[in-house]
*Asks:* 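One structure, as structure tokens, below. Some questions next.
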Amino acid sequence: MKRLSIIILCFATMAFASCGTTGGASSESAAKTSGRNTANALLSLYNSYRANGTISLSNTADLTSTLVVATGYTNLRSNKGNPDYRKAFAAGMVSAGTNLITSANVENVINTMNGLTGLNVNAATISNSVGTATAIIQLLQALNTTAN
């Protein structure tokens with residue numbers, strides 16, 4: 001079962017990493033897709049956090065969502081010199097944010113993602129990183145303040 005979970009995580013990571021950027025119009029589409037994927041993963045983590053009061057990186061769903069958020073941040077960071085990419089990424093987050101990520105708070109959420117700096121997108125690094133859990137919880141707390 002553990003081996004199957006690792007294989008699933010690897011495929012999920014490769015699938016989300018393949019949403020990287022190329023150029024031109026496809027870059028905007030990739031940015032929106034990455035933003036939507038990141039928002040969906042954040043919402044999943046948010047729901048888990050609200051239900052359990054914490055994030056468990058030993059839980060496959062939480063770990064997979066953390067990988068997706070880290071991948072989204074990695075894509076955003078590798079395009080930091082492209083304001084159009086950031087704008088499209090933010091639009092993707094808002095479109096999938098189900099009123100939790102809005103145009104009013106999306107920049108705060110994106111800026112809070114800076115806590116993921118230095119995170120390598122792989123399950124071994126994430127599962128052993130207290131800093132990762134802390135960064136994710138800070139992101140969820142940023143969402144939590146907008147939901148109340």
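For reference, positions follow the sequence shown, starting with 1.
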*Asks:* Taking the side chain from S48 and the backbone from S44, do they hold a donor-acceptor pair closer than 3.5 Å?
*Replies:* no
*Asks:* Is the backbone N or O of N82 less than 3.5 Å from a side-chain atom of N79, with the two atoms forming a donor-acceptor pair by type?
*Replies:* no
*Asks:* V106 and A90: which non-hydrogen atoms are nearest, and at how many Å?
*Replies:* CG2-O, 3.8 Å
*Asks:* For the CG atom of L76 and the OG atom of S78, what is their distance to the nearest 0.5 Å?
*Replies:* 8.0 Å
*Asks:* Considering residues at least two apart in sequence or located in another chain, which fulfil the side chain to side chain contact (heavy atoms under 4.5 Å, CB included) criterion with N40?
*Replies:* A96
*Asks:* What is the minimum heavy-atom distance between L100 and N105, and which atoms define it?
*Replies:* O-ND2, 3.0 Å
*Asks:* Would you list the pairs meeting salt bridge (Lys or Arg N to Asp or Glu O under 4.0 Å) in which at least one residue belongs to residues 83-100, sequence neighbours left out?
*Replies:* R86-E107
*Asks:* For N59, check side chain to side chain contact (heavy atoms under 4.5 Å, CB included) against everything at least two apart and list the hits.
*Replies:* S56, A61, D62
*Asks:* Which heavy atom in R36 sits nearest to a heavy atom in S95, and how many Å separate them?
*Replies:* CG-OG, 3.3 Å
*Asks:* If every non-hydrogen atom of V94 is compared with every non-hydrogen atom of S103, which pair is closest and at what distance?
*Replies:* CG2-N, 3.8 Å
*Asks:* With rounding to the nearest 0.5 Å, note down the distance linking OG1 in T102 to CE in M93.
*Replies:* 10.5 Å
*Asks:* What heavy-atom pair brings F89 and I110 nearest, and what distance separates the two atoms?
*Replies:* CD2-CD1, 3.9 Å
*Asks:* If you look at every heavy atom in A39 and I101, which pair is closest and at what distance?
*Replies:* CB-CD1, 3.8 Å
*Asks:* Just by modelled atom types, is the T60 backbone N or O under 3.5 Å from a matching donor or acceptor in the T64 side chain?
*Replies:* yes
